[in-house]
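Bear in mind that the values here come from a model prediction, so they are computed numbers and not experimental data.
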Amino acid sequence: MNVDEIIKLMQAVSENGLTSLELKEGELKLSLKREKEMPQIVTVSAPSADAVSMQMAAVQNGLAGPSMMSPAMMPQGVMTPQAARDTASGADIGSDKVVTSPLVGTFYNASSPDAAPFVQAGDTVKKGQVLGIIEAMKLMNEIESEYDGVVEAVLVNNEEVVEYGQPLFRIK
């Protein structure tokens, strides 16, 4: 294969949206690949109502996380992971003993819909005790207490989607 043929091949790959091409000439083997494009959200300095509703729809449908939204477009009550970490670090929480989410997923306060919650405000907990479950990619991850103490507040509701670093429990 000469340089001109390689250039023509590269142009054909590019024009057809292919992301990969593998070619072997001995015993001819050809492998073409085209990956799906990930949706991209473009923010503008002065968001229109349509732009905000489109981004919120993307967040609700799982196509984008709140961290992909500009702060100006962030609706009240939605926290970015950084905001969750800032909140967990102290000022608004009112306690230095805060259990935060180690991953993004759906929070469950009980082992099954019929079961009683693992803990409620006012319950005494020991380090290592299960406080809740976060489901991520069909895997159930137990959230254990990092402290001995009394649950001062449960900061999330059952079946609520949680972000990485989001405060879940406040323990005193």
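Side-chain contact between Gln129 and Glu142 is absent, with no heavy atoms from C-beta onward closer than 4.5 Å. Residues Val156 and Gln166 meet the side-chain proximity criterion, which asks for heavy atoms closer than 4.5 Å. Side-chain atoms of Leu155 and Val99, non-hydrogen and from C-beta on, never get closer than 4.5 Å to each other. You'll find the side chain of Phe169 reaches within 4.5 Å of the side chain of Leu131, heavy atoms only.
Residues passing the side chain to side chain contact (heavy atoms under 4.5 Å, CB included) test with Gln120, sequence neighbours excluded: Pro117, Asp123. Residues passing the side chain to side chain contact (heavy atoms under 4.5 Å, CB included) test with Phe118 are Ser111, Val130, Ile133, sequence neighbours excluded.
The NZ atom of Lys97 lies 11.5 Å from the CD atom of Glu146; values are rounded to the nearest 0.5 Å. Distance CG/Leu168 to CD1/Ile143: 6.5 Å, rounded to 0.5 Å.
Annotation for Leu103 and Ala136: closest pair CD1-CB, 3.4 Å, computed over non-hydrogen atoms. Nearest heavy-atom pair, Ala121 versus Val154, reported as atom, atom and distance to 0.1 Å: N-CG2, 4.2 Å. Between Ala110 and Ala116, the closest heavy-atom pair is CB-O, 3.4 Å. Here the shortest heavy-atom pairing between Val125 and Ser145 reads CG2-OG, 3.9 Å. Between Val162 and Ser101, the closest heavy-atom pair is CG2-OG, 3.6 Å.
For the pair Asn158 (side chain) and Asn109 (backbone), a donor-acceptor distance under 3.5 Å is present.
The closest side-chain donor-acceptor pair between Glu135 and Tyr108 falls under 3.5 angstrom.
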